[in-house]
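Structure first, commentary second.
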Amino acid sequence: MSMRDVAPTDQVHPGDPVTVDRYTAGARINHWITATSLVLLALSGLALFSPSLYFLTELFGGGQWTRTIHPWIGVVLFVSFLGLFFRFWRLNLWERNDSVWMTKLRDVLANREEADTALTEVGKYNAGQKMVFWSMSLLIIVLISSGVVIWDQYFSQYTSVEQKRIAVLVHSIAAIVAICVWIVHVYAAIWVRGTIRAMTRGSVTGGWAWKHHRKWLRELVTGRSDHKPGATPAE
Ligand code: HEM
């Protein structure tokens, strides 16, 4: 494992923070393609959603371009999220401790995670992150399938007007919920200090891992995982 905390003492300089690898370059590129496509999708979708937001079409070269590009960005988001899904689904499986963590949400939000017992030590992802993961997975499936129904350029002859009406409604609701989930995700990443660097540099400090994902850190240090093959330092 490429952790600086296990390097021989002569290579550790006093004052250097101990760091732990969390994401490979591949995972980070995959994540940022997903993030960029969701932002562009939200902007182009909102531009088409309400006349008051029509000015946003300027970002995409006008109304016609926005209409053409929006579904294709959706395809990019879908494929890119599929990559994230296959990388991380196993680590997001719900465990008994996650339900306990949920009951302590108040402590977590108040930055009092130290009050936790061994029972609630968190693995690579906490219950909140897992909920974001599964709700995004579901929402993206709903968005792409309802989106195809209203993608007139290629599929208009396969669907009825009635089906399109329902699909527009489902698509809009799913999009609004997805934007809310995205806001929660970004807010949490900023709120828990030291998290953003996981996705920019690929590593976190040992202190961050100990405080927020102690079970994951223990598994890394001992090289043992309860049941998951995914306890590698970075994926
Ligand atoms: C543009 C703003 C975004 C920012 C600043 C951001 C930031 C982050 C950060 C810092 C992490 C690492 C969290 C950790 O390791 O504890 C992360 C993980 C992740 N992000 Fe994002 N993200 C953004 C957008 C998105 C979008 C749009 C999606 C999906 C549609 C997404 C899906 C994920 C997934 C799946 C993970 C791995 C965590 C898990 O599997 O539970 N992110 N993000």
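Please read these numbers as outputs of a predicted model, since none were measured by experiment. We count ligands from 1, going down the list as the structure has it; atoms in each ligand are counted the same way.
Looking only at protein heavy atoms, the nearest one to atom 5 (C) of ligand 1 is W32 CH2, 3.7 Å. Scanning the protein for heavy atoms near atom 38 (C) of ligand 1, the closest one is Y125 CE2, 3.5 Å. Protein heavy atom nearest atom 10 (C) of ligand 1, with residue, atom name and distance: T195 O, 3.5 Å.
The neighbour count for W191 CH2, taken as heavy atoms of other residues, nucleotides or ligands under 6.0 Å away, does not exceed 12.
Residue-ligand proximity: W134 is placed with every non-hydrogen atom at 4.0 Å or more from ligand 1.
The shortest N or O to N or O distance between Q129 and ligand 1 is below 3.5 Å.
With K130 contributing its side chain and L93 its backbone, the two residues share a donor-acceptor pair below 3.5 Å. Judged purely by atom type and a 3.5 angstrom limit, N30 uses its side chain to pair as donor or acceptor with the backbone of S80.
The part of R22 lying near ligand 1 is the side chain, judged by heavy-atom distances below 4.0 Å. At a heavy-atom cutoff of 4.0 Å, ligand 1 is contacted by no atom of Y187, backbone or side chain.
Using cut-offs of 30° and 60° on the angle between ring planes, the pair F133 and F85 is parallel.
If you check the side chains of W65 and T57, you find no donor sitting under 3.5 Å from an acceptor. A donor-acceptor contact closer than 3.5 angstrom is absent between the side chains of T200 and W32.
Only one option out of I33, T34, L38 pairs with V76 in a side-chain contact (heavy atoms from CB on, under 4.5 Å); it is I33.
For atom 21 (Fe) of ligand 1, the tally of protein N/O/S atoms lying closer than 2.8 Å stands at 2.
Compare W89, F133, Y23 by their heavy atoms: the one nearest to atom 35 (C) of ligand 1 is in F133. Here atom 39 (C) of ligand 1 lies nearest to N92 when heavy atoms of V181, I183, I190, N92 are compared.
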Discussion item. I'd like to know whether W182 forms a ring pair (Phe, Tyr, Trp, His ring centres under 6.0 Å) with Y187, so could you lay out the CA-CA distance, the side-chain angles of the two residues, the decisive distance to 0.1 Å, and finally the verdict.
Written reply: CA-CA 8 Å; W182 171 72; Y187 185 81; over 10 Å; no

